[in-house]
Amino acid sequence: MNRTEARNSLFPNCPIRNVLSRIGDKWSLLVLFTLETNSTQRFKELQRNIPDISQKMLTTTLKMLEADGLVLREAFPEIPPRVEYTLSDKGKSLLPHIDSLLAWAMENMDDIVEQRKRYLFK
């Protein structure tokens, strides 16, 4: 068991740790923002709009976001099969909070970088 798994096993019901561990990875926020910007999208559209994500990682990320109720998946019984993804109401309700965090980061990034430099070279 690694450190993260050990910490999570000690505090399995911690809401902030639970949520951040799911959306704080490299791809989840990009998928959420892409769906916000482009509404309903098929898998290949998402992959084109996030060009450096692999098919496997996009599949894994979409499944995780769907499991958390942030993304809805709709499969159509057609040939070839058509699957569309869209933000759920819960996913839409998360975005303003993420937007606030992004605004804070943009506002404070220069100072944070400067602080890091001072810390590293003291």
Participant: Hey, mind stepping through N38 and E45 against side-chain contact (heavy atoms from CB on, under 4.5 Å) and telling me if it holds?
Facilitator: CA-CA 9 Å; N38 300 300; E45 291 174 301; over 6 Å; no
Participant: Side chains of I50 and D52: does their closest heavy-atom pair fall under 4.5 Å?
Facilitator: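 Heavy-atom side-chain distance check passes, below 4.5 Å.
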Participant: Taking a hydrophobic cluster as the set of Ile, Leu, Val, Met, Phe, Trp and Tyr residues connected by side-chain heavy atoms closer than 4.5 Å, whether directly or through intermediates, do L20 and W27 fall within one such cluster?
Facilitator: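 L20 does not cluster with W27.
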Participant: Return a table of donor-acceptor pairs under 3.5 angstrom between the side chains of residues 57-71 and protein atoms on other chains or two or more places apart.
Facilitator:
| from | atom 1 | to | atom 2 | distance (Å) |
| --- | --- | --- | --- | --- |
| T59 | OG1 | Q55 | O | 2.9 |
| T60 | OG1 | K56 | O | 2.9 |
| T61 | OG1 | M57 | O | 2.8 |
| D68 | OD1 | R22 | NH2 | 3.4 |
| D68 | OD2 | R22 | NE | 3.2 |

Participant: Using 4.0 Å as the upper bound for N to carboxylate O, is an ion pair formed by E84 and R82?
Facilitator: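 Result for this pair is yes, salt bridge flagged.
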Participant: How long is the gap from OH on Y85 to CD on Q41, to the nearest 0.5 Å?
Facilitator: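 Reported value, rounded in 0.5 Å steps: 11.5 Å.
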Participant: S28 and side-chain contact (heavy atoms from CB on, under 4.5 Å): which single residue from D25, V31, L30 fits?
Facilitator: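 Testing each of D25, V31, L30 against S28, the sole residue satisfying side-chain contact (heavy atoms from CB on, under 4.5 Å) is D25.
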Participant: How long is the straight-line distance from CZ of R116 back to CZ of F121, given to the nearest 0.5 Å?
Facilitator: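 Atom-to-atom, F121:CZ and R116:CZ are 13.0 Å apart.
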Participant: According to a 4.5 Å side-chain heavy-atom criterion applied to Ile, Leu, Val, Met, Phe, Trp and Tyr, with indirect links allowed, do L87 and L29 form part of one hydrophobic cluster?
Facilitator: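 Yes, it is one cluster - the side chains of L87 and L29 are joined through contacts under 4.5 Å.
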Participant: Check whether F33 and L35 end up in the same hydrophobic cluster, where Ile, Leu, Val, Met, Phe, Trp and Tyr are linked by side-chain heavy atoms less than 4.5 Å apart.
Facilitator: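 F33 clusters together with L35.
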Participant: Could you pull out all donor-acceptor pairs under 3.5 Å where a side-chain atom in residues 91-105 meets a protein atom, sequence neighbours excluded?
Facilitator:
| from | atom 1 | to | atom 2 | distance (Å) |
| --- | --- | --- | --- | --- |
| S93 | OG | K90 | O | 2.7 |
| S100 | OG | P96 | O | 3.1 |

Participant: What distance separates F43 CZ from R48 CZ, expressed to the nearest 0.5 Å?
Facilitator: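 Result: 11.5 Å between the selected atoms.
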Participant: Verify the neighbour count for atom CZ of F76: are there more than 12 heavy atoms of other residues, nucleotides or ligands below 6.0 Å?
Facilitator: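 Check passes, neighbour count above 12.
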